[in-house]
Amino acid sequence: MSSPNDTQLAATDTKTGLSAVLAQNAGSFVGLILPVAIILALTIWPTITGKDITRESIFTIMLSIALASSLNILLGYTGYVSFGHVVFFGLGGYVGFYLMAVQGWSLWLAMPMGGLAAGLLAFLLGKAILRLRGGYFALATIGVNEAMRAFINNFKPFGGPVGMTLNFQVYKDYGGAARALSLAFYILAALTLLIVIISYLVRTSKFGLGLLAIREDEDAAEVMGVVAPSAKTWAYVLSAILPGIIGVLFFFKNGSIEPVPAFRLNFSIEMIVMVMLGGQGTVLGPIIGGVGYQSLRGFLLTSPLFKNIQLAVAGALLLVIVLFVPAGLVGWLRNRFPALRRVLQ
Amino acid sequence: MILQLEGVSKNFGGLRALSDVTFDLPEGQILGLIGPNGAGKTTLFNSISGVYTPTEGRVIFRGQDVTRNKPYEMAKLGMARTHQIVRPLNELTVRENVIAGSCFGREGHGLKAAGKIADEVLEFVGLAPRSDQLAGSLNVGQKKRLEMARALAARPYLLLLDEVLAGLNPSEIGHMVDIVRSIRDQGVTIIMIEHVMKAVMSVSDRLLVLDYGSQIAEGTPHDVANDPKVIEAYLGDPDLALRLMRDETRA
Amino acid sequence: MDFLLTSILDGLLLGFVYGLAAMGLTLIWGVMNVINLSHGPIISLGMFGVYLLFSGLGINPYVALIFVAIFGLLLGIVIYFVAVNRVINAPHLSTLLATFSVAMIITGLGTAVFSASPRNVDYSLGSFTLGSATIPINRIVAAALSMLITAGLYIYLRRTRSGRYIRAVANNRNAAELMGVPSVRILALSFGIGTMLATVAGGLIATLFPFTILAGGTYELKSFVIGVLGGLGNPVGALLGGLILGVLEGIIPTFMPATWVPVIEFILFVLILMVRPQGLFGAKKS
């Protein structure tokens, strides 16, 4: 059956053949080991060192990982660039915060409502703007974020431009402010673990395969039978829910919410940078990207040499990555060492 | 009849790319679709497979009106196709490409079952040794076979092949023609667009000739080859006349 | 009624400048399908260029525009070769991020040098009254210059060889290459002209309002809106889009609080994108 040049080339293929054998022996969840190990290590780190300041910086890293991993479902798996993903964080945060601050709901009920609001927005937007391809979709997401921020700025029930604050008494229900801070950290850790597992399950499922097909060639995917409009919409919804929930948690911990920090466009772009840095389309990439980006930022902000030009240095680094390592660190490793593919999902 | 076209036309702005195409295709046959460049062959495929919605006319597939169906609906109903310019999912492996074909095609398998089918199909088209390679790293001939494998993995009733022989060397052409025949022998109906005349003449049960978007002849390969209208259409295209002559001399 | 007229007039005058600010963005977008996210910081550079030449060397701001234009052209060509050329055929994300990293570099360095405190070009040509309206002459000059530059660009794109090359590349890069158009040089030139327009627009804005190094961001967002209003690559479309936006900004505050302006602007933006992604007046690019 096979043509002569085929068998000839097959002999040189032992490297990929070997990795296939390794893969079969290693079990099916091997790709999840590294991501989960990193999240767990980050979670217990502050307990080991016992310093609150460590916990605060790890909170930021964890937040980055969770948001970047969420965005990755849309950006990395489906190939749609959302420049305004922060809108889900902001809207979820606002809805949850309103329920806690004005309606007196508990954090436990407000969080799912924030997720629901974000998911619902993504569903409606999915129907409307996911038809747009490439740069047009990216622009539309910017427009949506700006429109939402401007609207909330005028929306009296949410406090307009001044936003809302939580009464300090609220934290008493959670054992005082200190306990609430620590509680927020562990909730975030659990949510981060959850999104990483979801990300892995999507990556290795039939649904995920459909998303990857859309990323590679949407028209060809439709011809193959991938129902692209609904697959894209669900990917969008999935990538929006966790940021919505985390928004509630973040502003609960913060104690106040305002339009500008809730819908900061640069925050969206930071998420993209983290996904790119680590490697889009992989489970591990956004984790590495989140840790790497925040560590780098921390270093630049505190180093006397780069303190004033940290933004410019970060920009130059991003440019180098985009131009020379577009697959990100994990993607680069996967391409360089195919045998590692199973471990570096 | 597995497929019936009733007066199918397609306009792009003021341009009429297809006009009043009508034919019936019985199950189990190979229909060759030929015609000069720009005659509307790929447009016809796109109109059948749901990529375009015909401006006029009806497409009936297995007794069901599918004129306004989307491509993915056609895939689920049991139609699969390859593209003239290959469209592999480059960053996925060969095997993943074919698994996707099986997962989202007519039978809608889960990943496990699809994996088995993919292995069978890859063996069948001779790509098994390359299963774990990225699709983007294949050469053109291999990519054509991958497209074929992906379409077959969907287990379609009707297979649309768009120039699967173009760009292949003579031994690859022979191999591909064998594949096409054995697919037909498994009971799959096939429409193939082809420029390699000798091959399409030998493999097709019937031929349909398009010129400027209209069907100018339909019948057995023998009848069509001797139809003065067809000869005229082809002589009007020096490029193709040249190619036909080259095919003759090569044979 | 009088108030409404004043608002419209105000909006129209401002609209010309908005249009000019957007022109560079839509030109680059239309020619090479790159959405230049460094557009805003480049506008800011134009503002600071005029500011430095005026405050530092005492050069008339309108004369300073010439130097700023040359600087913008060269800067754009440099940016093209450093950041864009390598990823021009890569997926959209690459060019978006490449130009965004340029924005980060410019903003980062700009903040370090100029800080984020507001500046202004203190150069007033006075004003005149029309009925109950008082109109600063700076605005009229800015509007007139914007029109002049638009006309110049229009003629350049139609009448000169390099201009026609730009349109050919915009239309179909591959076909243009086959016909012997040096596409890389033309792309670099287009990018240069795009940033030149941005710096000049920034310079003009500096003669109207106080600004900071971050001020260009607002105009970048407005330019997106104008881009989808007016279509891509067409200078007249950008000017029309700018006028529409300017008039909207003039009229809306007479009906509702001014803070609703961005809400309406961006909802309009998303709606137009959904219905006619090629722009209201545009008819190209998919």
Side-chain angles (χ1 to χ4, degrees), chain A residues 75-76 79-81 83-84 125 127-155 160-161 215 265-266 269-270 272-273 275-276 280 300 306-324 326, chain C residues 29 33-35 37-38 41 79 82-87 90-113 115 217 220-221 224-225 227-228 256-275 277-278 285-286:
Chain A
L75 172 68
Y80 275 74
V81 188
F83 263 83
L125 282 180
K127 296 281 167 214
I129 62 174
L130 271 171
R131 287 181 292 121
L132 300 170
R133 300 263 176 107
Y136 291 102
F137 175 76
L139 276 188
T141 59
I142 294 180
V144 167
N145 185 58
E146 294 303 300
M148 184 63 81
R149 179 185 33 208
F151 172 75
I152 300 272
N153 212 25
N154 287 290
F155 191 58
R215 179 189 74 190
L265 205 53
N266 268 7
I269 293 166
E270 279 179 327
I272 298 177
V273 172
V275 174
M276 288 288 291
Q280 50 166 322
L300 290 177
F306 295 126
K307 194 171 62 186
N308 288 324
I309 53 164
Q310 55 98 4
L311 189 65
V313 176
L317 259 168
L318 173 62
L319 186 60
V320 169
I321 291 167
V322 173
L323 294 181
F324 301 104
Chain C
W29 189 354
N33 215 358
V34 167
I35 298 172
L37 291 180
S38 62
I79 292 177
V82 171
V84 182
N85 191 37
R86 207 185 147 87
V87 285
H92 258 100
L93 179 61
S94 303
T95 47
L96 285 169
L97 286 180
T99 54
F100 183 74
S101 50
V102 172
M104 286 167 78
I105 295 170
I106 296 175
T107 309
L109 293 178
T111 317
V113 177
S115 82
E220 181 174 323
L221 285 174
F224 290 151
V225 181
V228 303
M256 52 178 87
T259 49
W260 281 94
V261 172
V263 183
I264 292 171
E265 258 175 32
F266 284 109
I267 288 178
L268 200 67
F269 170 66
V270 176
L271 287 180
I272 295 171
L273 261 181
M274 277 160 50
V275 185
Q278 69 275 46
K285 290 274 166 190
S286 54

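Proteins get letters first, then strands, A, B, ... in listed order; numbering begins at 1 in each.
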Where does Val144(A) contact chain C at under 4.5 Å (heavy atoms): side chain, backbone, both or neither?
both
Give me the atom names and distance for the closest heavy-atom approach of Arg131(A) to Met274(C).
NH2-O, 3.7 Å
Report the option among Leu96(C), Val87(C), Leu37(C) that has the most heavy-atom pairs separated by less than 4.5 Å from atoms of chain A.
Leu96(C)
Segment of Ile35(C) engaging chain A (4.5 angstrom heavy-atom cut-off):
side chain
Say you draw a straight line from CD1 of Ile272(A) to CG of Leu93(C); how long is it, rounded to the nearest 0.5 Å?
6.5 Å
In terms of heavy-atom proximity below 4.5 Å to chain C, should Leu75(A) be classed as side chain, backbone, both, or neither?
side chain
So, the part of Asn266(A) with a heavy atom under 4.5 Å from chain C: the answer is side chain
Looking at side-chain heavy atoms only, is the closest gap between Thr95(C) and Val322(A) below 4.5 Å?
no
Least distance between heavy atoms, Phe266(C) atom then Gly143(A) atom
CB-O, 3.6 Å
Between Leu265(A), Thr141(A), Val320(A), Leu319(A), the one whose heavy-atom pairs under 4.5 Å with chain C are most numerous:
Leu319(A)
If you tally heavy-atom pairs under 4.5 Å between each of Gly108(C), Pro262(C), Ala90(C) and chain A, the highest tally belongs to Gly108(C)
Quick one: CG on Leu97(C) to CD1 on Ile269(A), what's the gap to the nearest 0.5 Å?
8.5 Å
For the side chain of Asn153(A) and the backbone of Thr259(C), is there at least one donor-acceptor N/O pair under 3.5 Å apart?
no
Gln280(A) portion near chain C, given a 4.5 angstrom heavy-atom threshold:
side chain
Which one of Ala138(A), Ala150(A), Gly79(A) has the most heavy-atom pairs closer than 4.5 Å to chain C?
Ala150(A)
Between Ile142(A), Leu318(A), Leu139(A), Val313(A), which residue shows the highest count of heavy-atom pairs closer than 4.5 Å to chain C?
Leu139(A)
How close do Ala83(C) and Leu323(A) get, heavy atom to heavy atom, and via which atoms?
O-CD2, 3.4 Å
Between Leu317(A) and chain C, which part of the residue has a heavy atom less than 4.5 Å away: side chain, backbone, both or neither?
neither
Interatomic distance, Glu265(C) atom CD to Glu146(A) atom CD [nearest 0.5 angstrom]:
10.5 Å
Heavy-atom closest pair, residues Val270(C) and Ala140(A)
CG2-O, 3.9 Å
Using non-hydrogen atoms and a 4.5 Å limit, figure out which bit of Val82(C) sits close to chain A: side chain, backbone, both or neither.
both
Distance in Å, Met276(A) CE paired with Ser101(C) OG, rounded so as to fall on 0.5 Å steps
9.5 Å
Is the Tyr136(A) ring parallel, tilted or perpendicular to the Trp29(C) ring (thresholds 30°, 60°)?
tilted
Relative to chain C, which segment of Phe137(A) carries a heavy atom at a distance below 4.5 Å: side chain, backbone, both, or neither?
neither
Is chain A contacted by the side chain of Leu268(C), its backbone, both, or neither, given a heavy-atom distance below 4.5 Å?
neither
To the nearest 0.5 Å, how far apart are OG1 in Thr111(C) and CG in Asn308(A)?
10.0 Å
With a 4.5 angstrom heavy-atom cut-off, could you sort out which part of Met148(A) is near chain C: side chain, backbone, both or neither?
neither
